[in-house]
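Heavy-atom basis, side chains included; hydrogens, waters and symmetry copies ignored. We count ligands from 1, going down the list as the structure has it; atoms in each ligand are counted the same way. Keep in mind that this is a model prediction, so the values were computed, not measured. Numbering of residues begins at 1 and proceeds along the displayed sequence.
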Amino acid sequence: MFSNELINKFQPLETPFYYYDLSLLKSTLEACKTASAKYNFHVHYALKANFDARVLETIRSFNIGADCVSGGEVKRAIETGFSNKAVVFAGVGKSDAEINYALDQDIFCFNVESIQELEVINGLAAAKGKTAKVALRINPNVNAYTHKYITTGLEENKFGINQWEFDKVVAALKKLPNIQCLGLHFHIGSQITDLNVFKSLCIKVNEIVTWFREHHVEINVINVGGGLGVDYYHPDTKSIIDFETYFKIFDSFLERSAIQEVHFELGRALVANCGSLISRVLYVKNGQVTNFAILDAGMTELMRPALYQAYHKIENISKANSEKTKNYDVVGPICESTDCFAKAVELPETHRGDLIAIRTAGAYGEVMASNYNLRDKVKAVYGE
Ligand SMILES: *Cc1c(COP(=O)(O)O)cnc(C)c1O
């Protein structure tokens with residue numbers, strides 16, 4: 001909810017911009033920390049969700065680890081002050097340069113996605129006289145019941161090592177002296193709202209951990225990835241996710257010994273709700289069937305609706321108390337038909353100059369911005 005004071009503060013600013021509510025971010029981080037600390041769980045923040053400098057600095061100040069999917073992210077995490085001992089590095093296509101950089105930084109763990117990658121990391125580590133610590137990213141074949149573009153844990157997916165390759169992996173590990181296998185890694189998809197999915201994941205993980213231990217691979221680290229979804233429909237009443245219930249599922253269903261560490265990689269759940277994309281209405285086109293509200297923000301600032309039909313709540317914050325409403329297709333200025341935030345949105349009667357807030361845009365929003373159509377880089381504004 002935007003106060004009148006905040007809307008007045010927005011009024012003279014050039015749009016579009018991302019607004020980050022840092023105080024909501026802090027409350028979210030606090031809730032996550034408290035809930036995970038109960039079980040001694042280790043949390044890493046997935047930088048790819050949002051790497052805005054002030055957002056990152058706020059997250060770092062909570063002593064959370066970093067989950068990176070490129071050398072650039074490893075570098076950004078280290079430069080921001082995340083401890084190298086709490087950096088994990090995943091990704092199906094790590095280049096030699098990225099692996100070398102991460103080896104130089106002595107990161108906590110590479111999440112390795114194939115046998116070939118294990119061999120490459122072993123060779124590069126050997127050349128430096130180092131031992132690389134790794135976790136094997138396993139494809140557990142658990143359906144995340146999320147959008148097909150953001151599910152990653154089913155067979156025939158480019159991510160991870162499949163069950164039919166386990167024997168080969170065990171054999172490979174024996175022949176790679178510069179690899180130290182810490183354990184296993186899983187990440188089955190994003191925006192998972194059915195918590196039963198995590199229960200199924202735990203049960204599958206238990207089986208897989210047992211299999212590896214029976215084959216004489218010690219599993220000291222179990223990294224269950226991220227994917228916890230947020231409520232895009234209720235940004236004000238459900239602004240902080242129920243971390244308690246989430247972590248309790250893992251405590252209840254994941255078998256672990258006293259020496260086994262459990263790690264999580266949360267992105268969206270930590271940052272989605274603290275961000276909104278603020279934009280102005282440039283033009284209103286009243287058609288015979290469809291009315292269009294044409295904004296000064298488009299898919300170049302927030303790509304999720306165009307990329308995977310994602311829903312974001314849209315509000316006309318200039319007319320919050322207006323009674324009369326109309327339906328609008330809310331679109332951007334980019335020369336693509338997919339540049340549409342939502343169709344037939346009920347809004348107060350809308351006019352040129354009105355401020356529009358596109359909510360729950362803190363994750364996978366600003367980070368996916370592009371300068372297609374030679375658009376300016378989108379700015380950020382912060383609330384304390
Ligand atoms: C993207 C990603 C995450 C974070 O996913 P969220 O859905 O934002 O929680 C965690 N781990 C890996 C390996 C990822 O690629």
Side-chain angles (χ1 to χ4, degrees), residues 25 28-29 32 36 41-52 55-56 59 64-74 76-77 82 86-94 98 102 107-114 117 134-140 142 144-154 157-161 183-195 197-198 201 205 221-232 241-243 246-247 250 262-275 304 307-308 310 360-368:
L25 175 59
T28 308
L29 291 162
C32 177
S36 58
F41 288 160
H42 300 255
V43 176
H44 303 261
Y45 167 62
L47 265 80
K48 76 171 188 286
N50 188 316
F51 41 72
D52 174 271
V55 168
L56 264 195
I59 295 171
I64 284 175
D67 166 43
C68 304
V69 290
S70 74
E73 286 188 1
V74 174
R76 183 66 59 86
F82 285 88
V87 169
V88 295
F89 181 16
V92 278
K94 301 179 190 76
E98 289 176 312
I107 63 163
F108 170 60
C109 189
F110 291 84
N111 292 331
V112 173
E113 309 238 4
S114 69
E117 185 190 332
V134 309
L136 306 170
R137 178 170 182 174
I138 305 297
N139 184 348
V142 170
Y145 294 105
T146 183
H147 192 281
K148 64 179 187 295
Y149 288 0
I150 51 177
T151 186
T152 60
L154 282 175
N157 196 300
K158 73 173 176 179
F159 299 101
I161 297 166
L184 303 176
H185 171 243
F186 305 83
H187 173 69
I188 55 172
S190 201
Q191 183 52 17
I192 297 165
T193 50
D194 176 358
L195 293 184
V197 168
F198 294 114
L201 174 65
V205 170
V221 168
I222 302 171
N223 182 337
V224 292
L228 175 59
V230 301
D231 188 337
Y232 281 91
I241 293 135
D242 183 1
F243 291 106
Y246 171 68
F247 288 120
F250 290 90
V262 182
H263 291 248
F264 292 81
E265 303 167 336
L266 295 177
R268 188 189 314 268
L270 297 177
V271 292
N273 252 316
C274 76
R304 299 186 68 255
L307 187 61
Y308 22 65
T360 321
Y364 308 106
E366 189 183 351
V367 285
M368 285 193 191

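Inclusion of Leu228 in the set of residues having an N or O under 3.5 Å from an N or O of ligand 1 is not warranted. Considering both main-chain and side-chain atoms, His185 never comes within under 3.5 Å of ligand 1 through any nitrogen or oxygen pair. Considering backbone and side-chain N/O of Tyr364, one or more are found under 3.5 Å from N/O of ligand 1. Geometrically, ligand 1 and Gly225 share no nitrogen or oxygen pair separated by less than 3.5 Å.
Looking from atom 7 (O) of ligand 1 to the surrounding protein, the closest heavy atom is Ser190 OG, 2.3 Å. Counting protein heavy atoms only, atom 10 (C) of ligand 1 is closest to Asp67 OD2, 3.2 Å.
Partners of Glu117 under the salt bridge (Lys or Arg N to Asp or Glu O under 4.0 Å) rule, at least two apart in sequence or in another chain, are Lys94.
Heavy atoms of Ala363 stay at 4.0 angstrom or farther from ligand 1.
Proximity to Arg268 (heavy-atom distance under 4.0 Å) selects the following atoms of ligand 1: 6 (P), 8 (O), 9 (O). Heavy-atom proximity to Glu265, at under 4.0 Å, picks out these atoms of ligand 1: 4 (C), 9 (O), 10 (C), 11 (N), 12 (C), 13 (C). Residue Val69 has at least one heavy-atom neighbour below 4.0 Å for each of these atoms of ligand 1: 15 (O).
Side-chain rings of Phe108 and Phe89 stay apart, their centers remaining 6.0 Å or farther from each other.
Between the CG atom of Asn111 and the NE2 atom of His44 there is a distance of 8.5 Å, given to the nearest 0.5 Å. Note: Cys32 SG to Ile241 CD1 = 9.0 Å, rounded to the nearest 0.5 Å.
Checking each of Phe243, Phe250, Phe264 against Phe41 for a ring-ring contact (aromatic ring centres under 6.0 Å, His included) leaves exactly one that passes, namely Phe264.
Looking only at atom types and distance, the side chain of Glu265 has a donor-acceptor partner in the side chain of Asn223 under 3.5 Å away.
Remark: among candidates Lys48, His187, Glu113, the nearest residue to atom 15 (O) of ligand 1 is Lys48, based on non-hydrogen atoms.
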